Amino acid sequence: MSDIRLRFAPSPTGYLHVGGARTALFNWLLARKLGGTFILRIEDTDVARSTEESVNAILEGMRWLGLEWDEGPFFQSDLFPVYREYVQKLLQEGKAYRCYCTPEELEKKRELAMAEGRKPKYDGSCRGLKEEIPDKSFAIRFRAPQDGITAFDDLVKGSISFNNEELDDLIIQRSDGTPIYNFTVVIDDATMKVSTVIRGDDHISNTPRQILLYEALGFPVPRFAHVPMILGSDKARLSKRHGATSVMAYRDMGYLPEAMVNYLVRLGWSHGDDEIFSREELVDKFTLEGIGKSAGVFNPEKLLWLNAHYIKNGDPARLAELLLPFLRERGVEPTADGPVLATVITTLQERARTMLELADGALFYYRSEVLYDEAAAAKQLTSLQYPILTAFTQRLAAWEDMTPAGIEVLFKEFCTAQGIKMGQVGPSVRVALCGVTSSPAIYDVIAVLGKDETSRRLERAISFVATQL
RNA sequence: GGUCCCAUCGUCUAGCGGUUAGGACACUGGCCUUUCACGUCGGUAACAGGGGUUCAAGUCCCCUUGGGAUCACCA
């Protein structure tokens, strides 16, 4: 195992959304490619906003996508004593100081500064305080350099630099004693020996502050790779109003994890003109250099296309396993007396784009009483079809070869014998067996249903037609 | 508003000084076909604008414009 160490560090304030999932994926991919370590760390220092449900939702999402972690999950809420220690160290070294300003005062100052067109930057009121003020609550601020520049060489964006005068003395510990993100992230990435930080580029502006903290603490600064944001169709940051953003919502909408992974990786990363990647290919081909610099729009259409691709090429037995819950939702429980689900799926794969469509398409195989679509029956199950349906049913009874190819021969011979075209018998049989005008190839349907069930359904259709005579 | 980031078809992108600017999704025309699909062949469609540098610029530099991010005792 190399000393490359990557981490995904979500805050448990909601489900795993597609943006976070992609960041996790990039980290996971690089760790796997380089034989490094992938760490999962839950950033729950904000006790008020963090929930256990969110933690579970995130873990569930990670597992669904197959992004297994090597270390963790670590919880920052378990590490508070560690952070306090480092805060004390900074305090003793004069690199941090107590700030007695109240949030309300600060808020006022900020508003005033904004109103006057000045930078909403901490004015440093408490920076020069010599004495501690007893019995007054205080937060702790990092004493940041007031001049000079802080620069870093971002692995995806290139070199980025900030004037230190733009940065203010950020609070590293709240007045209630809990630490703040920009501080804990530095301590953790340093103590967990994270070598490369891959995260969303909304963190770019935090980076110089964090670098200053690394330096003040005497830690080596990791490499940074800031990946672009994912946007909605209106080019605004992706949010709920653009539709589903939770990866688990996509599972529930019938998407396969491999489709989601494939889609996500191609949103912002590319390898020439390649579009389809197996997990193994991704691990093999993934590099940070392949990540683009600009934000990308989430395109559900393309995700859908990929999902269709993976359903079409998926292993029927595995798809059958994944399909079960969707079937149950529809009140169908494939049992031993019905056709084998995996076989049913082979007839449906190339016409379903989601597991939902697959489930809907499989329904008729398992319903003992086929539901006739009104329009379809009106056209294909009328008294006109009575003689043909009857003749076909009789012919089928004597037919031996029940393979799809054999059944095709049956139809050919039947048409010849009756002096009719396929179009005069096929559609009616289809509606008799499936209830609708769009279905898998009729030869396949008959082969899967078997002769008995096919005959039963034909008889029922004949009865139905007979009532119209 | 300050700071930072970004800019090739509608969308995702290839391109890393010399290309008829390629692929994919979507859209669309033909073919295949017992339905619906799949598949297949083809089509429409882009270098934001302006200055440089260079024999040569989508590729390098600058400006403009446009988008985004961030400015918390959130992460």
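Residue numbers start from 1 in every chain, and the chains themselves are labelled A, B, ... in the order their sequence lines are given, proteins ahead of strands. Atoms considered below: every heavy atom in the structure, side chains included; atoms not considered: hydrogens, waters and symmetry mates. None of the values given here were measured: they were computed from a predicted structure.
Rounded to whole Å, the distance from CG on A/L170 to P on B/U70 is 16 Å. Residue A/Q349 contributes atom CD, which lies 13 Å from atom P of B/G39 at whole-angstrom precision. Taking atom CG on A/D360 and atom P on B/A37, their separation rounds to 16 Å, with Å as the unit. Nucleotide B/U13 holds its C1' atom 14 Å from the CD1 atom of A/I276, rounded to whole Å. For A/Q210 and B/A75, the CD to P distance is 12 Å, given to the nearest whole Å.
Counting atom types as modelled, A/E350 pairs no side-chain N or O with a base atom of B/G39 as donor and acceptor under 3.5 Å. For A/S175 against B/C73, a side-chain N or O and a base N or O form a donor-acceptor pair under 3.5 Å. The base of B/A26 does not come close enough to the side chain of A/N299 for any donor and acceptor atom to sit less than 3.5 Å apart. Not a single donor-acceptor contact under 3.5 angstrom links the side-chain atoms of A/R266 to the base of B/U13. For B/C36, the base has a donor-acceptor partner in the side chain of A/R351 [N/O atoms by modelled type, under 3.5 angstrom].
Closest approach to the A/E166 side chain among B/A26, B/G2, B/U34 is made by B/G2 (side chain taken as heavy atoms from C-beta onward). For A/K293, counting side-chain heavy atoms from C-beta on, the closest listed nucleotide (B/A69, B/C6, B/C25) is B/C6. Checked against B/A69, B/C5, B/U34, the side chain of A/M229 finds its nearest nucleotide in B/A69. Nearest to the side chain of A/Y443, among B/A75, B/U34, B/G2, sits B/U34. In the set B/A69, B/U34, B/C25, the nucleotide with an atom closest to the side chain of A/I442 is B/U34. Considering only the side chain of A/I204, B/C5 comes nearest among B/G23, B/U70, B/C5. Closest approach to the A/R237 side chain among B/C25, B/A69, B/U34 is made by B/A69 (side chain taken as heavy atoms from C-beta onward). Of all nucleotides listed (B/U35, B/U13, B/G22), B/G22 comes nearest to the side chain of A/D273.
Judged by distance alone, the side chains of A/T437 and A/K379 never bring a donor and an acceptor atom under 3.5 Å apart. Using a 3.5 Å distance cut-off with no hydrogens or angles, the side chains of A/D188 and A/Y83 do pair a donor with an acceptor.
Nucleic acid contact for A/H203: base, since at least one base atom lies under 4.0 Å from a heavy atom of the residue. Counting non-hydrogen atoms under 4.0 angstrom, A/G423 reaches nothing in the nucleic acid. Base engagement by A/E275 is indicated by at least one non-hydrogen atom pair under 4.0 Å involving a base atom. No contact: A/C434 has no heavy atom under 4.0 Å from any strand. Residue A/P10 is out of contact with every strand shown, counting any heavy-atom pair closer than 4.0 Å. Within 4.0 Å of A/I171, counting heavy atoms only, lies at least one base atom of the nucleic acid. Residue contacts shown for A/G292 are absent, as no nucleic acid heavy atom lies under 4.0 Å away. Heavy atoms of A/A352 sit nowhere under 4.0 angstrom from any nucleic acid atom. Using a 4.0 Å heavy-atom cutoff across all strands shown, A/T13 reaches no nucleic acid atom at all. Using a 4.0 Å heavy-atom criterion, one finds that A/S438 contacts the bases of the nucleic acid, with or without backbone contacts as well. Across all strands shown, A/S439 has heavy atoms under 4.0 Å from base atoms, whether or not it also approaches the sugar-phosphate. Contact annotation for A/S270: backbone-only contact, meaning every heavy-atom pair under 4.0 Å involves sugar-phosphate atoms and none involves a base. Across all strands, A/D168 comes closer than 4.0 Å to no nucleic acid atom at all (heavy-atom distances). Counting non-hydrogen atoms under 4.0 angstrom, A/K312 reaches the backbone sugars and phosphates but no base.
Pair assignment for B/U54: none, as no Watson-Crick or G-U wobble contacts are both less than 3.5 Å. Remark: B/G1 base-pairs with B/C71. Criterion, Watson-Crick or G-U wobble with two distances under 3.5 Å. When both pairing distances are held under 3.5 Å, B/C16 makes no Watson-Crick or G-U pair with any nucleotide shown. In this structure B/C25 sits in a base pair with B/G10, meeting the Watson-Crick or G-U test at under 3.5 Å. Both distances falling under 3.5 Å, in either a Watson-Crick or a G-U wobble arrangement, place B/G39 opposite B/C31.
Sorted by residue number, the members of residues 45-61 of chain A with any non-hydrogen atom under 4.0 Å from RNA chain B read A/T45, A/D46, A/R49.
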* Asked: Hey, mind stepping through A/K89 and A/E85 against salt bridge (charged side-chain N to carboxylate O under 4.0 Å, His left out) and telling me if it holds?
  -> CA-CA 6 Å; A/K89 179 169 184 260; A/E85 230 173 84; over 6 Å; no
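For B/C5, the OP1/OP2 oxygens have no side-chain nitrogen or oxygen of A/K157 closer than 4.0 Å. Taking 4.0 angstrom as the limit, A/R353 places none of its side-chain polar atoms (N or O) nearer than this to OP1 or OP2 of B/C25. Residue A/K121 places none of its side-chain N or O atoms closer than 4.0 Å to OP1 or OP2 of B/U3. Residue A/R174 places at least one side-chain N or O under 4.0 Å from the OP1 or OP2 atom of B/A75. Neither OP1 nor OP2 of B/C71 sits under 4.0 Å from any side-chain N or O of A/R209.
Nearest heavy-atom pair, A/L155 versus A/A225, reported as atom, atom and distance to 0.1 Å: CB-CB, 3.8 Å.
The cationic group of A/R141 lies under 6.0 Å from the six-membered ring centre of A/Y122 and within 45° of the ring axis, placing it in a cation-pi geometry. Remark: A/R395 fails to qualify as a cation-pi partner of A/F414 under the 6.0 Å distance and 45° angle criteria applied to the six-membered ring.
A salt bridge links A/K302 with A/E275; the closest basic N to acidic carboxylate O contact falls under 4.0 Å. We find that A/R209 and A/D168 are joined by a salt bridge, their nearest charged nitrogen and carboxylate oxygen being less than 4.0 Å apart. Here A/D189 does not pair with A/R199 in a salt bridge; the nearest charged N to carboxylate O distance is not below 4.0 Å.
Between A/H309 and A/W305, the angle of the ring planes lies from 30° to 60°, which puts this pair in the tilted group.
Going from the P atom of B/C4 to that of B/A21 covers 37 Å, rounded to whole Å.
Taking the nucleotide of RNA chain B with the nearest heavy atom to each of A/C101 and A/K412, the more 5' of the two is matched to A/K412.
Using a 4.5 Å heavy-atom threshold, the side chains of A/E357 and A/T354 count as touching.
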